[in-house]
Amino acid sequence: MRIATWNVNSMRARADRVEAWLEKSDVDVLAIQETKCKDDNFPWEVFEHNGYDVAHFGFSQWNGVAIASRVGMSDVERTFQNQPPFGKGGKDPVQEARAIGATCDGVRIWSLYVPNGRTREDEHMVYKLAWLRQLREHAQSWLADDPQAQIVLAGDWNIAPQDEDVWDNEFFEKNQMTHVTEPERSAFREFLEAGYTDMVRPHAEGPGVYTYWDYTSLRFQKRQGMRIDFLLGSPAVAQRVENAFIDKDERRGKGASDHAPVVVDLA
DNA sequence: ATGGTGGCTCTGCCA
């Protein structure tokens with residue numbers, strides 16, 4: 001069973017790219033982030049033409065997550081329980097379209113778009129950490145309920161867990177940038193401590209191994225990336241991993257997303 | 001050359 005996660009940065013702008021990748025990648029389940037659309041203008045046919053069921057969750061041009069599967073899909077869930085809401089500057093807080101879950105061939109898969117944080121002092125950073133804490137508490141309880149549960153937490157985590165996961169950690173510190181701070185890294189580590197495993201790292205060791213390259217400053221051309229997209233597996237899934245890789249070729253050329261797909265093969 | 005991109009959209013905001 002091949003599972004992948006991909007922040008496509010607009011499903012409409014990327015429809016042709018995603019369709020071509022579905023045709024060549026042999027992926028069974030694809031977790032998608034940043035669809036940047038609502039159901040009304042989601043390109044359903046991209047998936048239907050290729051034999052995939054797809055569930056989408058999006059309200060607007062912001063965020064948006066989806067799961068596509070050609071091995072069946074049941075128990076679709078939009079937002080996780082008690083997912084913290086966000087409302088900038090006193091606006092009514094709302095639960096954003098950042099999490100969708102589905103069971104595909106016995107594996108509970110979540111497509112997650114973790115809040116960015118924006119700056120170290122921004123209220124969005126407080127939101128990011130609360131969001132992660134709430135998700136982690138649930139992820140922990142799912143395993144407490146059933147230690148044999150097959151769970152994959154896949155998505156854009158907007159965290160670089162180690163210094164080697166960014167092209168120059170000193171640059172990030174000097175410029176007070178997000179994704180590398182101790183509270184963010186600690187929030188990520190708590191998922192590992194709860195029993196989840198980064199299923200890709202053993203098959204794609206750093207340094208210099210990334211999943212995202214900023215459009216600005218032509219970071220891809222300069223080989224200056226970040227590893228921020230992860231598939232974390234519960235013990236029952238992690239023991240099934242046969243191979244994993246980052247499809248960096250997909251970041252090349254005109255019309256690429258700023259993220260590459262990340263792929264895991266399970267026995 | 002002290003900037004560089006891209007995708008939405010109430011051409012500003014978000015990443």
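First the proteins, then the strands, lettered A, B, ... as listed; each starts at 1. Remember, it's a predicted structure, so these values are computed and weren't measured experimentally.
In this entry the distance linking CZ of Phe86(A) with P of dC14(B) reads 8 Å, nearest Å. Look at NE2 on His124(A): it is 12 Å from C1' on dC13(B), rounded to the nearest Å. When the C1' atom of dC14(B) is taken as reference, atom OH of Tyr127(A) falls 14 Å away, rounded to whole Å. Following rounding to the nearest Å, Met226(A) (CE) and dA15(B) (P) show an atom-to-atom distance of 13 Å.
dT11(B) and dG6(B) have their C1' atoms separated by 15 Å, with the value rounded to a whole Å. Comparing dT9(B) with dG3(B), their C1' atoms sit 25 Å apart, to the nearest whole Å. Here, dT5(B) and dC10(B) have their C1' atoms 23 Å apart, quoted to the whole Å.
With respect to the salt-bridge test (charged N to carboxylate O, under 4.0 angstrom), the residues Lys24(A) and Asp249(A) do not qualify. Between Arg189(A) and Glu184(A) no salt bridge is recorded (no basic side-chain N to carboxylate O distance below 4.0 Å).
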For nucleotides 1-9 of chain B, read 5' to 3', which letter fits each nucleotide if B means a protein heavy atom sits under 4.0 Å from the base, S means only the sugar-phosphate is that close, and - means neither?
---BBSBSS
Verdict with supporting geometry, Asp214(A) and Arg219(A), salt bridge (Lys or Arg N to Asp or Glu O under 4.0 Å):
CA-CA 5 Å; Asp214(A) 201 329; Arg219(A) 294 289 180 211; 5.6 Å; no
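Judged by distance alone, the side chains of Arg108(A) and Thr103(A) do bring a donor and an acceptor atom under 3.5 Å apart.
Ring to ring, Phe42(A) and Phe47(A) are close: their centroids are under 6.0 angstrom apart.
Note on Arg118(A): only backbone sugar-phosphate atoms sit closer than 4.0 angstrom, heavy atoms only; bases stay farther off. Counting any heavy atom pair closer than 4.0 Å across all strands shown, Phe220(A) reaches no nucleic acid atom.
Applying the ring-ring contact (aromatic ring centres under 6.0 Å, His included) criterion to Phe86(A), with sequence neighbours excluded, gives His124(A), Tyr127(A).
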